[in-house]
Amino acid sequence: MQLQIYNTLKREKELFVPRIPGKVSMYLCGPTVYNRIHLGNARTFVLGDTIRRILSFLGYDVTYVQNFTDVDDKIIVRAAELNITVDELVEQEIKNYFEDAKALGILPADKHPRVTAHIGDIIAFIGDLIAGGFAYVGGGDVFYDVQKFPAYGQLSGQKLDDLVMGSRVEAGEAKRHPADFALWKGAKPGEPFWDSPWGKGRPGWHIECSAMVRAELGGHIDIHAGGMDLQFPHHENELAQSEALCSGEPFARYWVHGAFLNVNDGKMSKSQGNFFILSDVLKRYDGNIVRFFLQSAHYRKPLSFDATSLDSATVALNRLRNACGALEHVLTALNAPQAAGEMLNLDQYEARFKSALADDFNTAEAWGVLFELARDANAALALKGIANAELALSLMQRLAGVLGVELTVDRSLDEEIEALIARREEARFARDYWTADNIRVLLAELGIELLDTPQGVRWKLK
RNA sequence: GGCGGCGUAGCCAAGUGGUAAGGCAGAGGUCUGCAAAACCUCUAUUCCCCAGUUCGAGUCUGGGCGCCGCCUCCA
């Protein structure tokens, strides 16, 4: 099945056709590094990583870029609050981001450009816009002239006239049109600044992505992704900037926007105070569980989060882990495939898994397929055994791995523990259940749970 | 005011024309020295409401109700 992607620009699912056959260039708007990301932010970053992994799984050679916005009002304010420099804050928060990302199974992008490392590219980009008649200098700032770009509003479905009504126009601004936005902001006292042809200052928010895409991926990309809230104005502005300089071919062929994580039916956000800092959540829940939870709904639909969400996700994921553990156990306990057992039609699960993902990255449906595989494997195991247990196990782990979730099975214990387990087996065999149960309790205190099965004792870490 | 989205069992959530995936919770059963895991059965005659199109609609069209998001920094 061929990949279909919902393109925000077209408002419909489209067959995915990259610019260059077999290759995909993808850009995701990354975090503004002023504090730790929350669970809602994580949803989008997991989405980007998931799409990237799925594209690879489907055979594409992917180049994935995710930026860091490291100069911004919030960063300046936060650094002042903490009484540290902007650089110190930025370095710390980037480090924190990677720590969080790693816990969630988010692979490092091929490139993580920072705005401050691309000031030259940004200045050049603005220069090109001015030269092309799409931007003008006003006061110490440079603005994008939306009226020079007739297609403005195409991504968000907004009309310029309608935008005027809702926009807040600050008095004294040198804008020609209320929807014009700053490409370069003149320096204010105490803020970071760089020299430019228009005086000292710093980049506006939107220009960074246009410039970094051009610098890192060339003027055109296949997929541009980000959270729903970036659709307007950020991506609309970005599109206007980039496409002003590349008439004809589109800047991004597919725009992908992820829905929010909801709390009490409302968007989780800093300003509403209903957010959960990811690093706090990760103290209580394994990153695999959080990632699985975030993938449990289709990315374009809001996902509800409440106090029970991660607990039920834990139980659910344990179901898959237990199935893997059971398969692993029969393989090691019997030390040979059960030739007489049932032969599961594994290709069927993989095909369904793949077509779910090829249908606009439907991870929720894909997980459903893995649960069915787990159930069928467990059922077969309980009856006649499975002839292709080894393949079933590796398939389940491989497909979960496509989604970035590890279904690991613990394989080794130290000798002391092994000896205890053996002693308990002897005791059980001798019907000395008092000793056997004491050993079980002892091991439980060490975090090891024993499971008695027809194929002998199995253990797992609690 | 402009633009957009959502409404499927107690909860989470797939499904965009062919007769309701999956997970959690719950009930009963099987297995079991115990425990755990697992399996089986049951839990939406029905997808917010009304009308329409169709042989057939959760899925398409029109209207209504409710909720949410963006338009200001925001994943």
Side-chain angles (χ1 to χ4, degrees), chain A residues 8 11 13 28-32 34 37-48 72-74 77 153 156-159 161-168 170 179 205 225-234 236 257-262 264-272 275 292-293 296-298 300-306 308-309 311-320 322-323 325-326 329 352 356 359 362-372 374-383 428 431-434 436-437 440-441 444 449-454 458 460 462:
Chain A
T8 304
R11 305 285 137 93
K13 272 194 233 175
L28 177 82
C29 288
T32 299
Y34 70 107
I37 63 170
H38 67 237
L39 205 50
N41 300 321
R43 189 180 185 198
T44 297
F45 301 137
V46 166
L47 170 65
D72 162 274
D73 290 340
K74 293 190 295 296
V77 169
S156 56
Q158 305 278 342
K159 294 192 185 77
D161 293 343
D162 296 335
L163 285 170
V164 177
M165 297 184 68
S167 65
R168 296 180 189 178
E170 292 192 26
W205 176 33
M228 209 70 107
D229 46 1
L230 296 186
Q231 185 182 336
F232 190 88
H234 186 241
E236 187 73 61
H257 291 100
F260 301 124
L261 185 66
N262 281 176
N264 295 327
D265 292 328
K267 173 186 177 183
M268 178 182 289
S269 72
K270 300 259 168 81
S271 55
Q272 291 180 40
F275 60 91
F292 164 72
F293 165 69
S296 67
H298 183 83
R300 280 191 288 113
K301 292 244 186 114
L303 172 62
S304 300
F305 176 76
D306 63 36
T308 69
S309 300
D311 286 332
S312 36
T314 302
V315 178
L317 200 57
N318 277 156
R319 187 175 168 73
L320 297 182
N322 283 329
H329 185 248
R352 286 168 57 213
D359 183 11
N362 195 335
T363 52
E365 192 176 326
W367 278 114
V369 174
L370 292 190
F371 280 100
E372 287 181 43
R375 185 196 58 212
D376 295 344
N378 279 327
L381 227 37
L383 292 171
R428 277 186 72 220
R431 297 189 175 268
D432 176 6
Y433 295 123
W434 188 84
D437 288 349
R440 180 203 287 287
V441 170
E449 186 177 6
L450 295 183
L451 318 170
D452 296 322
T453 79
R458 182 182 141 210
K460 64 179 184 180
K462 284 211 271 200

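Per chain, numbering begins at 1; letters A, B, ... match sequence-line order.
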_Roughly how many Å apart are B:U53 and B:C67, using the C1' atom of each and rounding to a whole number?_
29 Å
*What heavy-atom pair brings A:Arg458 and A:Asn322 nearest, and what distance separates the two atoms?*
NH2-O, 3.4 Å
*To the nearest Å, how far apart are A:Leu303 CG and B:A75 P?*
18 Å
_With a 3.5 Å limit on both atom pairs, tell me what B:G4 is paired to, counting Watson-Crick and G-U wobble, or say none._
B:C68
_Nearest-Å distance once atom C1' is located in both B:G58 and B:G15_ = 9 Å
*Determine: side-chain N/O of A:Lys301 to OP1/OP2 of B:G7, distance under 4.0 Å, yes or no.*
yes
*asked:* Just to be sure I understand the rule, does A:Ser156 reach a base, reach only the sugar-phosphate, or reach nothing, if contact means heavy atoms closer than 4.0 Å?
replied: sugar-phosphate
*Say you pick atom P in B:G22 and the same atom in B:U61; how far apart are they, in whole Å?*
29 Å
*Sugar-phosphate only, base, or nothing, as touched by A:His257 at under 4.0 Å among non-hydrogen atoms*: nothing
*Identified pairing partner of B:U19, criterion: Watson-Crick or G-U wobble below 3.5 Å*: none
_Nearest-Å distance once atom C1' is located in both B:G26 and B:C11_ = 12 Å
*Atom CG of A:Asp73 to atom P of B:C73: distance rounded to whole Å?*
9 Å
*Using the C1' atom as the reference point in each nucleotide, state the distance between B:U46 and B:U8 in Å, no decimals.*
9 Å
*In whole Å, what is the span from the CG atom of A:Asn262 to the P atom of B:A75?*
15 Å
*asked:* I want to verify a distance call: between B:G69, B:A13, B:A75, whose nearest atom is closest to the A:Leu261 side chain?
replied: B:A75
*asked:* So A:Phe305, base contact, sugar-phosphate only, or nothing? Heavy-atom distance under 4.0 Å.
replied: nothing
*Could you tell me whether the side chain of A:Arg43 and the main chain of A:Ala259 form a donor-acceptor pair under 3.5 Å?*
yes
*asked:* Of the listed nucleotides (B:C11, B:C67, B:A14), which one gets closest to any side-chain atom of A:Asp306?
replied: B:C11
Within the sub-3.5 Å range, which N or O atoms of nucleotides 31-38 of chain B have a protein N or O partner, and how far apart are they?
from, atom 1, to, atom 2, distance (Å)
B:G33, O6, A:Arg424, NH2, 3.3
B:G33, O6, A:Arg428, NE, 3.3
B:G33, N1, A:Asp437, OD1, 2.9
B:G33, N2, A:Asp437, OD1, 3.3
B:G33, N2, A:Asp437, OD2, 2.4
B:C34, O2, A:Arg440, NH2, 3.3
B:C34, N3, A:Arg440, NH2, 2.6
B:C34, N4, A:Asp452, OD2, 2.3
B:A35, N1, A:Asp452, N, 3.1
B:A35, N3, A:Arg440, NH1, 3.3
B:A35, N3, A:Arg440, NH2, 3.4
B:A36, O2', A:Glu449, OE2, 3.1
B:A37, O3', A:Asn322, ND2, 3.4
B:A38, O3', A:Asn378, ND2, 3.2

_Could you tell me the Watson-Crick or G-U partner of B:G33, where both distances fall under 3.5 Å? Say none if there is no partner._
none
*Does A:Arg352 reach the side chain of A:Glu365, with side-chain heavy atoms less than 4.5 Å apart?*
no
_Distance in angstrom units between A:Leu317 CG and B:G22 P, rounded_ = 18 Å
_Could you work out, with ring-ring contact (aromatic ring centres under 6.0 Å, His included) as the rule, every residue matching A:Phe45, not counting sequence neighbours?_
A:Tyr97
*Closest to the A:Ala316 side chain: B:G2, B:G23, B:A13?*
B:G23
*Look at all strands and tell whether A:Gln272 reaches a base, only sugar-phosphate, or nothing, counting heavy atoms closer than 4.0 Å.*
sugar-phosphate
*Between A:Asn264 (side chain) and A:Gly266 (backbone), is there a donor-acceptor pair under 3.5 Å?*
no
*asked:* Heavy atoms only, 4.0 Å cut-off, all strands: where does A:Ala364 land among base, sugar-phosphate and nothing?
replied: base
*Donor + acceptor pair across side chains of A:Ser156, A:Gln231 (<3.5 Å)*: no
_Which nucleotide in B:C6, B:A75, B:C71 has an atom nearest any side-chain atom of A:Phe45_ = B:A75
*Say you pick atom C1' in B:G7 and the same atom in B:A13; how far apart are they, in whole Å?*
13 Å
_Rounded to whole Å, please give me the gap between CD in A:Gln231 and P in B:U72._
14 Å
*Are any of the side-chain heavy atoms of A:Leu261 and A:Phe293 separated by less than 4.5 Å?*
yes
*Contact class for A:Thr308 (heavy atom, under 4.0 Å): base, sugar-phosphate, or nothing?*
nothing
*Do the side chains of A:Asn41 and A:Phe275 get nearer than 4.5 Å, heavy atoms only?*
no
*asked:* So A:Lys267, base contact, sugar-phosphate only, or nothing? Heavy-atom distance under 4.0 Å.
replied: base
*Base, sugar-phosphate, or nothing for A:Ala313, non-hydrogen atoms under 4.0 angstrom?*
nothing
*Hey, which of these two, A:Ser309 or A:Leu383, hits RNA chain B nearer its 5' end, going by closest nucleotide?*
A:Ser309
*Mind checking the P distance from B:G33 to B:A27? Whole angstroms is fine.*
25 Å
*Base paired to B:U54 (Watson-Crick or G-U; both N/O distances under 3.5 angstrom)*: none
*So, A:Gln158 side chain and A:Gly153 main chain: donor-acceptor pair closer than 3.5 Å or not?*
no
*Taking atom C1' of B:G5 as reference, at what distance in whole Å does atom CG of A:Asp265 sit?*
13 Å
*What integer distance in Å separates A:Asp229:CG from B:C68:P?*
17 Å
*On RNA chain B, nearest-nucleotide positions of A:Gly368 versus A:Lys13: which is more 5'?*
A:Lys13
*Got A:Met268 and A:Phe260 here, is their nearest side-chain heavy-atom distance under 4.5 Å?*
no
_Can you tell me the base-pairing partner of B:A27? Count Watson-Crick or G-U wobble geometry only, both distances below 3.5 Å, and say none if there is no partner._
B:U41
*asked:* Measure CG/A:Leu230 against P/B:C3 and give the value in whole Å, please.
replied: 22 Å
*What residues, two or more places apart in sequence or in another chain, satisfy salt bridge (charged side-chain N to carboxylate O under 4.0 Å, His left out) together with A:Arg428?*
A:Glu425, A:Asp452
*Rounded P spacing from B:U72 to B:C3 in Å*: 16 Å
*Which listed nucleotide (B:G22, B:C12, B:C24) is nearest to the side chain of A:Ser312?*
B:C24
*Would you mind classifying the nucleic acid contact of A:Gly157 as base, sugar-phosphate or nothing, using non-hydrogen atoms under 4.0 angstrom?*
sugar-phosphate
